[in-house]
Number of protein chains: 2
Amino acid sequence: MVAQRGEGDEVVTTATGMPAVQGAPIVPEQDEVVVRERARAIPEAAVARLAVYLRVLSGMVDQGVTTISSEELSAAAGVNSAKLRKDLSYVGSYGTRGVGYDVEVLVSHIERILGLTRKHSVAVVGIGNLGHALANYGGFQSRGFPVAALFDVDEDLTGVPVGGIPVNHIDDITAVCVEREVSIGVIATPPQAAQAVCDRLVSAGVQCILNFAPVVLQVPDDVEVRKVDLAVEMQILSFHVARRADEASAEQAANDLINGVGVDRVVIRP
Amino acid sequence: MVAQRGEGDEVVTTATGMPAVQGAPIVPEQDEVVVRERARAIPEAAVARLAVYLRVLSGMVDQGVTTISSEELSAAAGVNSAKLRKDLSYVGSYGTRGVGYDVEVLVSHIERILGLTRKHSVAVVGIGNLGHALANYGGFQSRGFPVAALFDVDEDLTGVPVGGIPVNHIDDITAVCVEREVSIGVIATPPQAAQAVCDRLVSAGVQCILNFAPVVLQVPDDVEVRKVDLAVEMQILSFHVARRADEASAEQAANDLINGVGVDRVVIRP
DNA sequence: TACCGCTTGTGAAGGCGTGCACAAAGTCGG
DNA sequence: CCGACTTTGTGCACGCCTTCACAAGCGGTA
Ligand SMILES: NC(=O)c1ccc[n+]([C@@H]2O[C@H](COP(=O)([O-])OP(=O)(O)OC[C@H]3O[C@@H](n4cnc5c(N)ncnc54)[C@H](O)[C@@H]3O)[C@@H](O)[C@H]2O)c1
Ligand SMILES: NC(=O)c1ccc[n+]([C@@H]2O[C@H](COP(=O)([O-])OP(=O)(O)OC[C@H]3O[C@@H](n4cnc5c(N)ncnc54)[C@H](O)[C@@H]3O)[C@@H](O)[C@H]2O)c1
């Protein structure tokens, strides 16, 4: 009796259990109840920036700043001030015209929208080079993402504490994840093992996955995956180097032409 | 005598050194040379996907696959097949209708576009938890991004080899980066030190930076920065959890209404 | 209270990216 | 050699995101 939900579509449930037809009436029909969705459709890009604003604002609180204008905050976050205000408008209207935003109020509202009022326990799978670094990192704990469980297939690691948490064997993943209410799974295993690990996390009820292994994971629709791929990041940087170099050499060639052949004018078109 | 270049604009240089007026003539004037820019404007999102395709294709080569259709490749990369074809069209027309793409040909052309034909030496700054993991990681070397230098401020680390490379003191950053032709700098220091380290990398001539510290770096226009912020990633996941929970509770309330009050129809609007 | 200056919040416009749908172009079997 | 079938490459329309520009709103001041 639970309606499927498409991106940004209305969620429509009928008493008959039949999925309702597209285009629900604007005016509620007889015997119809309309519940306005609280968490509105916020662009993903805006969500990512809100997290950045939140970090900057936390720094402001520490510095004793109580009020900040969109101009100041946008400069500190490295974005356009209009964009910042639009992003904040998704959160609500908590600014004071002529003055700016109360830092603490803004922090608490962004935290609410991002769902940071609840605790999100994290499990790290694959306690190798990267897994060790993640397990030892204090930055997660302090931001409301306590690392609650570690897993590895290596028997030698099982039971050894890393960053204060003993490593569990991967075979216990379901029991441990359920018991410790893990809501985010981090995959730091070799790529060959990543899909299998992902499947086990999903069967354990984990619906959010952060993947460091350079593979594309296949998951059900109700599971959210984000990937961190350092090689891809470097290749993007490489692309920009190449683009710049191309331009430079084109310009160089152009200048050579000018100087050598006495060309009057050089145009580089897209 | 080098013309400044705005995003996506034409680069126009005149023999007088004066910036040419907007709207260069379509038909070359007398004594004018037109150089078509090779690296066209490729959407950043497409560049990121091209890097993913490249990785998938490399796996295909290892498996002995010689030909692949857009449908197969898009499934393996987890994207829409039309999007894939459009992305590949930025690279050029290297497919065969009715057949697909020759894997090796595609690999070499994507590599060319991404600038992977040159070597890009990497320097890692901050050899702590994360820096160690990065220095020990073989995945960079194998993808054409050899780690050529490591830096830390900690005297105890100086000279100690990590992943086969001795750690240099941060004060030697300029000399070492120039000598080893470092083109990408990776910042893995605590956030407080990140901006200072960034400035030193920039003065050392490094134009590409990958930043792991949770701070917004200020850099000149000609320097490209990409950031990897795990806390932000987790907060985005958290947002989705919260959204789902909201929906679930709204639906729950809706169903309660249906069952308890005999409502006929419930609509949840955005 | 009335005015002034400052900053927010948002309507509207424009640009960019995505996805559809199909013509063009090639292969392969007969 | 031809026709059926397959798959590419892209024009186009749509929707999302960004950016501009300004009315609305608030605090301070006289
Ligand atoms: N180290 C880095 O800096 C870095 C950078 C970018 C990406 N990555 C990626 O992160 C992943 C981990 O890298 P790493 O350097 O830590 O590798 P690693 O080899 O040091 O560690 C991998 C760990 O995963 C464990 N493991 C293997 N199969 C497993 C399974 N089925 N279930 C549970 N655990 C399993 C291994 O026992 C090992 O402890 C790799 O996919 C790598 O490509 C690492
Ligand atoms: N460890 C992780 O898994 C993780 C995850 C996400 C983000 N980060 C971020 O990455 C950065 C590094 O994390 P870490 O856990 O490796 O920290 P760490 O404290 O273990 O290591 C930091 C290293 O940087 C060195 N350093 C300090 N100041 C320096 C300077 N001015 N120049 C050169 N080196 C300097 C220190 O000597 C130390 O070796 C931090 O900003 C952290 O927030 C780490």
Side-chain angles (χ1 to χ4, degrees), chain A residues 6-10 22-23 39-53 57 60 65-103 105-106 109-110 113 236 239 270, chain B residues 6-10 40-53 57 60 65-103 105-106 109-110 113 236 239 243 270:
Chain A
E7 272 284 302
D9 288 342
E10 279 182 339
Q22 285 187 341
R40 289 232 319 294
I42 305 183
E44 184 107 346
V47 173
R49 286 190 298 268
L50 283 172
V52 174
Y53 306 152
L57 288 168
M60 296 289 172
V65 178
T66 58
T67 297
I68 193 168
S69 72
S70 64
E71 209 64 49
E72 295 169 291
L73 182 52
S74 67
V79 302
N80 180 303
S81 74
K83 193 191 289 188
L84 174 114
R85 287 199 298 278
K86 179 135 290 191
D87 288 345
L88 293 183
S89 78
Y90 294 122
V91 175
S93 296
Y94 303 108
T96 307
R97 291 167 190 230
V99 178
Y101 302 88
D102 181 293
V103 176
V105 170
L106 209 47
H109 279 111
I110 295 179
I113 290 290
I236 295 172
F239 169 77
Chain B
E7 272 285 299
D9 289 342
E10 278 183 339
R40 288 235 318 297
I42 304 182
E44 184 108 345
V47 173
R49 286 191 297 270
L50 283 171
V52 174
Y53 306 152
L57 288 168
M60 296 290 173
V65 178
T66 57
T67 297
I68 194 169
S69 73
S70 64
E71 209 63 48
E72 294 169 290
L73 182 52
S74 66
V79 302
N80 181 302
S81 72
K83 193 191 289 187
L84 173 113
R85 287 198 298 276
K86 182 141 292 185
D87 289 344
L88 292 184
S89 78
Y90 294 122
V91 176
S93 296
Y94 303 109
T96 308
R97 295 172 187 224
V99 177
Y101 301 88
D102 182 294
V103 176
V105 169
L106 209 47
H109 280 110
I110 294 178
I113 290 291
I236 295 172
F239 169 77
R243 195 167 54 85

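Values in this document were obtained by computation on a predicted structure and should not be read as measured data. Each chain gets a letter, A, B and so on, in the order the sequences are listed, and its residues count up from 1. All heavy atoms count here, side chains included; hydrogens, waters and symmetry mates do not.
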Residues passing the salt bridge (charged side-chain N to carboxylate O under 4.0 Å, His left out) test with A:Arg49, sequence neighbours excluded, are A:Asp87

On DNA chain D, more 5' by nearest nucleotide between B:Gly92 and A:Pro43 is B:Gly92

Here the distance between atom P of D:dT10 and atom CG of B:Asp87, to the nearest Å, is 13 Å

The residue, A:Lys86 or A:Tyr101, whose nearest nucleotide of DNA chain C is more 5′ is A:Tyr101

Nearest heavy-atom approach of A:Ile113 to B:Phe239 is O-CD1, 3.4 Å

| message | On the nucleotide D:dT18, are OP1 or OP2 found under 4.0 Å from the side-chain N or O atoms that A:Arg49 carries? | response | yes

Rounded to whole Å, CD of B:Glu72 lies from P of D:dT7 at a distance of 8 Å

B:Ser69 and B:Val99 have their tightest heavy-atom pair at CB-O, 4.4 Å

Tested for side-chain hydrogen bond (donor to acceptor under 3.5 Å, both in side chains) against B:Ser70, the lone hit among B:Lys83, B:Lys86, B:Arg85 is B:Arg85

Donor-acceptor pair under 3.5 Å: do we get one between B:Arg97's side chain and the base of D:dT7? no

Taken to the nearest whole Å, CD/B:Glu44 to C1'/C:dG15 is 16 Å

When rounded to whole Å, the CD to C1' distance for the pair B:Glu71 and D:dC5 reads 16 Å

- prompt: With respect to the phosphate group of C:dT8, does any side-chain polar atom (N or O) of A:Ser70 fall under 4.0 Å of OP1 or OP2?
  reply: yes

note: A:Tyr90, atom OH; D:dT18, atom C1'; distance rounded to Å ~ 9 Å

Ranking A:Thr96 and B:Val99 by the position along DNA chain D of their nearest nucleotide, the one closer to 5' is B:Val99

Side chain to side chain contact (heavy atoms under 4.5 Å, CB included) with B:His109: of B:Val91, B:Asp102, B:Leu50, only one passes, and it is B:Val91

note: A:His109, atom NE2; C:dT8, atom P; distance rounded to Å ~ 17 Å

Ordered by number, residues from residues 75-85 of chain A within less than 4.0 Å of DNA chain D (heavy atoms) are A:Asn80, A:Ala82, A:Lys83, A:Arg85

Tightest non-hydrogen contact, residues A:Ala48 and B:Ile236, listed as CB-CD1, 3.8 Å

Here the pair of heavy atoms bringing A:Ala46 nearest to A:Ile42 is CB-CG2, 3.9 Å

Atom CG of B:Leu88 and atom P of D:dT10 are separated, to the nearest Å, by 11 Å

